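As structure tokens, the structure follows; a few thoughts come after it.
Letters A, B, ... mirror the listed sequences (proteins, then strands); counts begin at 1. Note that the structure is a prediction, hence the values are computed from the model and not measured. The figures here come from the full heavy-atom set of this structure, side chains too, leaving out hydrogens, waters and symmetry mates.
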Amino acid sequence: MSNLNSERILVTSALPYINGVKHMGNLAGSMLPADVYSRAMRLLGHDVLYICATDEHGTPAELAAAEAGLSVSEYCEKMHIAQKEAGANFKLSYDYFGRSSSAATHKLTQDFALALEANGFIEERTSQQVFSVADGRYLPDRYVEGICPNCGFEAARGDQCDNCGKLLDPVDLINPYSAVSGSHDVEIRDTNHLYLKQSDMSGKLRDWVESHRADWPALTTSIAMKWLDEGLRDRAITRDLEWGVPVVNAEGDVRDGFEGKVFYVWFDAPIAYIGATQDWAAETEGDWEKFWRTDKGADATRYVQFMGKDNVAFHTLSFPTTIMGSGQPWKLVDELKAFNWVTWYGGKFSTSQKRGVFMDQAIDIAPSDYWRWHLMANAPESSDAAFTWEDFQASVNSDLANVLGNFVNRITSYCVKKFDGVVPEGGEITDAEKWIQAELAERLPRMVSFYEAREFRKAMAETRAVWAAGNEYLTQAAPWTHYKTNVDQAAMGVRVGLNLVALFGVLAQPIIPDAAEKILSAMNIPEQFRTWNFREASFDDGPLNALPINHPISAPPVLFTKIEAEDIEAWTERFGGAE
RNA sequence: GGUGAGGUAGCUCAGCUGGUUAGAGCGCAGGACUCAUAAUCCUGAGGUCGAGAGUUCAAGUCUCUCUCUCACUACCA
């Protein structure tokens with residue numbers, strides 16, 4: 001059914017910044033849901049391209065490189081590989097994981113800027129910036145510290161005082177110094193930068209956001225409208241830095257007065273979605289234009305973005321300004337799914353403060369499936385969601401080990417024991433079979449709808465309910481009871497049970513791909529029968545009668561080991577998190 | 001300060017444009033079963049829906065006030 005209306009879907013998740021392996025909040029809020037969605041859409045027969053990349057420019061990258069004793073390019077190379085590996089460990093099914101520092105993105109960024117300027121959306125202006133003589137660099141506001149003029153706090157940052165919360169300007173700080181080196185040898189200098197005139201675009205942006213009120217989550221539109229209501233300010237899109245995309249003129253030479261300046265990371269990062277798609281095309285001989293050029297087929301592409309709420313403004317305002325202002329037929333996002341935060345024992349996860357659990361550590365203590373399931377079943381969709389070790393344990397033990405894992409185990413091992421490990425024939429359809437059929441007929445289409453709507457918590461809850469229904473079916477059918485008096489009727493229960501195992505494996509693929517693979521290979525399900533073609537379940541050609549009689553199966557080894565109280569203790573000890 | 005999101009059973013959360021006895025999972029209590037990772041299945045107890053006022057025949061659902069939590073506030077991304 002779904003194959004009849006196969007769509008071309010472009011999926012991107014917010015680019016993970018380069019300065020370290022990401023924490024579980026980053027994973028839960030962009031990369032993982034994008035992956036789960038991409039996998040589900042592929043199973044439904046859609047033509048999906050999932051693109052991501054490392055976001056490599058900006059001051060934090062330069063500073064992190066310096067701290068690591070590496071050149072910026074060496075550092076980024078190293079961290080790109082680390083992040084790519086972390087993604088692979090969590091089974092993120094990128095079609096391409098690129099880099100914002102690639103040549104393609106450089107070229108696109110420069111071209112966009114030239115087009116924007118030609119259309120009057122870029123203006124060169126002079127501003128004052130703090131320059132640290134000792135560091136030999138301009139400092140972003142937050143890297144300047146000093147005494148807060150409001151409360152006297154001694155380590156107030158140039159953008160905001162951490163003590164009293166007042167918003168500051170670096171020039172307001174008393175006795176300012178560089179947060180990088182601690183040097184007080186700082187001065188205010190005039191510097192020229194390019195400004196993106198977002199204000200001129202606000203009418204069009206407002207109309208565009210307004211047109212998506214119905215299909216975007218409230219979180220997305222409310223953030224965008226808030227900025228529009230406050231009045232868009234023009235944003236500087238260049239910085240005084242070495243590492244990044246050079247600012248050039250139409251001839252391709254460095255623009256006059258822009259030596260030592262590059263584009264601001266937030267200008268080029270979204271452009272890297274396109275650049276990475278071009279890089280993907282170059283490596284695979286794919287066609288990037290059908291995803292991005294509306295004059296080359298991208299009108300027929302559905303573009304879906306995933307991100308944390310902090311990124312919404314950039315994706316609903318700045319990047320669309322870039323796209324619209326270019327006057328060129330670039331694809332705008334169609335559907336934008338934003339997430340709140342996963343919180344960590346009362347606060348936020350923090351890369352800089354090393355608070356929380358990071359992807360490389362997480363994979364060390366539990367298999368990726370465990371994390372994927374828990375983070376999706378508890379996705380921070382309607383509000384921030386608290387992560388606790390106890391909840392993690394409950395998700396894994398109850399949902400995965402008890403409901404799914406035990407189900408697979410109980411029926412496959414019974415089949416091996418009593419029916420020689422093959423799908424048995426015989427038996428009559430009873431109320432139990434009719435009941436499970438009705439359950440599936442109702443739940444599977446609903447589950448698919450939740451995936452299509454990117455309602456992850458609900459999709460997970462529905463999936464779990466289907467697994468639980470399998471256990472209930474076995475209780476009703478009770479093949480072990482029939483076996484004593486009527487082996488044929490026992491065969492019915494086992495056969496349906498085995499079909500359910502196969503179905504559950506098929507359903508589990510987007511969420512817990514490793515376990516799904518174990519189940520499907522134990523059931524000897526060929527690749528071509530692992531897709532989602534079950535909108536209408538029936539006994540004639542539906543998922544309950546998919547396995548041929550005498551089809552051999554085996555009982556997979558225990559799929560999910562339970563998390564013990566001692567594990568929780570050890571992890572709490574190691575990562576903090578005690579309240 | 002401004003803006004936004006949220007405060008619904010012990011815990012985590014569903015509840016669309018207001019309409020029968022407010023739902024799910026976990027946890028808890030009792031029972032059933034014994035194929036299974038002491039798993040599973042059934043039943044049950046548990047909520048004055050943050051507080052107060054208002055609109056209405058009718059409000060968790062709309063309006064106002066108050067209160068608590070969290071986030072964003074543009075040069076970290």
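Nearest-nucleotide positions on RNA chain B place A/S222 closer to the 5' end than the other of A/L15 and A/S222. Ranked by how close their nearest RNA chain B nucleotide is to the 5' end, A/K484 and A/V558 are led by A/K484.
A donor-acceptor contact closer than 3.5 angstrom is absent between the side chains of A/Y195 and A/E123. Side-chain contact check for A/T430 and A/E433: at least one donor-acceptor pair (N or O, by modelled atom type) lies under 3.5 Å.
Of the P atoms belonging to B/G31 and B/A71, the separation is 47 Å, rounded to the nearest Å. Atom name C1', nucleotides B/U48 and B/G2: the rounded distance is 35 Å, in whole Å. Going from the C1' atom of B/A32 to that of B/A24 covers 23 Å, rounded to whole Å. Only the P atoms considered, B/A51 is 11 Å distant from B/U61, to the nearest whole Å. The gap from the P atom of B/U43 to that of B/C35 amounts to 23 Å, rounded to the nearest Å. B/C13 and B/G47 have their C1' atoms separated by 14 Å, with the value rounded to a whole Å. For B/U8 and B/G15, the C1' atoms lie 9 Å apart once the distance is rounded to whole Å. Nucleotides B/G46 and B/A29 place their C1' atoms 11 Å apart, quoted to the nearest Å.
When the side-chain nitrogen and oxygen atoms of A/Y414 are compared with OP1 and OP2 of B/U34, none of them lie within a distance under 4.0 Å. Of the side-chain N and O atoms in A/N340, none sit less than 4.0 angstrom from OP1 or OP2 of B/A71. At the phosphate of B/A36, OP1 or OP2 sits under 4.0 Å from a side-chain N or O atom of A/K417. At the phosphate of B/G15, OP1 or OP2 sits under 4.0 Å from a side-chain N or O atom of A/K458. A/K226 has no side-chain polar atom (N or O) that falls below the 4.0 Å cut-off from OP1 or OP2 of B/A5. Side-chain N/O atoms of A/R464 include one lying less than 4.0 angstrom from OP1 or OP2 on B/C26. Not one side-chain nitrogen or oxygen of A/R410 sits closer than 4.0 Å to the OP1 or OP2 atom of B/U40.
Under the Watson-Crick or G-U wobble criterion, with both distances below 3.5 Å, B/G47 has no partner in any strand shown. Pairing for B/C72 goes to B/G2, judged as Watson-Crick or G-U wobble with the two contacts each under 3.5 Å. The partner of B/A53 is B/U63, judged by Watson-Crick or G-U wobble contacts that both fall below 3.5 Å. Here B/U17 sits opposite no nucleotide as a Watson-Crick or G-U wobble pair (both hydrogen-bonding atom distances under 3.5 Å). B/C35 is unpaired under the Watson-Crick or G-U wobble criterion, no partner having all donor-acceptor distances under 3.5 Å. With a cut-off of 3.5 Å on both Watson-Crick or G-U wobble distances, the partner of B/C26 is given as B/G10.
Considering only side-chain atoms of A/N406, the nucleotide from B/C75, B/U37, B/C42 that sits closest is B/U37. Proximity note for A/S413 (side chain, C-beta onward) versus B/C35, B/C75, B/C13: the nearest is B/C35. Here the nucleotide nearest the side chain of A/P60, chosen from B/C76, B/C35, B/C41, is B/C76. Candidate nucleotides B/A71, B/A74, B/C13 were compared by shortest atom distance to the side chain of A/D384, and B/A71 ranks first.
Residue A/A385 is in sugar-phosphate contact alone, with no base atom involved, counting any heavy-atom pair closer than 4.0 Å across all strands shown. Nucleic acid contact class of A/V265 (heavy atoms, under 4.0 Å, all strands): sugar-phosphate only. Among the protein residues, A/A468 comes within range of the sugar-phosphate backbone only, with heavy atoms under 4.0 Å from sugar or phosphate atoms but none that close to a base. Across all strands shown, A/L559 has heavy atoms under 4.0 Å from base atoms, whether or not it also approaches the sugar-phosphate. Residue A/D55 is classed as a sugar-phosphate contact, given heavy-atom separations below 4.0 Å to backbone atoms only. At the heavy-atom level, A/G470 lies nowhere under 4.0 Å from the strands shown. Across all strands shown, A/W266 has heavy atoms under 4.0 Å from base atoms, whether or not it also approaches the sugar-phosphate. Nucleic acid contact class of A/F560 (heavy atoms, under 4.0 Å, all strands): base. Counting any heavy atom pair closer than 4.0 Å across all strands shown, A/Q476 reaches no nucleic acid atom.
Atom CG in A/N471 sits roughly 9 Å away from atom C1' in B/A36 (whole-Å rounding). Look at NE2 on A/H374: it is 17 Å from P on B/G25, rounded to the nearest Å. Between the CG atom of A/N378 and the P atom of B/G25 there is a distance of 15 Å, rounded to whole Å. Computed from coordinates, the A/F450 CZ to B/C13 C1' distance equals 13 Å when rounded to whole Å. As a whole-Å value, the separation of A/E439 CD from B/C41 P is 12 Å. Rounded to an integer number of Å, the gap from A/D141 CG to B/U73 P is 13 Å. The distance between atom CZ of A/R457 and atom P of B/C26, rounded to the nearest whole Å, is 15 Å. Counting to the nearest Å, the P atom of B/A71 and the NZ atom of A/K309 are 7 Å from each other.
In this structure, B/G52 shows a glycosidic angle more than 90 degrees from zero, which is the anti conformation.
Between A/I223 and A/T316, every side-chain heavy-atom pair lies at or beyond the 4.5 Å cut-off.
Ring geometry for A/F319 versus A/H315: interplanar angle over 60°, hence perpendicular rather than tilted (30 to 60°). In this structure, A/F258 and A/H193 have perpendicular ring planes: the angle between them is above 60°, well past the 30° mark.
Salt bridge status for A/E462 with A/K458: absent, with no side-chain N to carboxylate O gap under 4.0 Å. Ion pairing of A/R206 with A/E210 is absent here, as no side-chain N (NZ or NE/NH1/NH2) approaches a carboxylate O to less than 4.0 Å. Using a 4.0 Å cut-off between a side-chain N of Lys or Arg and a carboxylate O of Asp or Glu, A/R99 and A/D55 do not qualify as a salt bridge.
Screening residues 375-388 of chain A for salt bridge (Lys or Arg N to Asp or Glu O under 4.0 Å), with sequence neighbours left out, gives A/K309-A/D384, A/K337-A/E381.
A donor-acceptor contact under 3.5 Å is not formed by the side chain of A/N402 with the base of B/A39.
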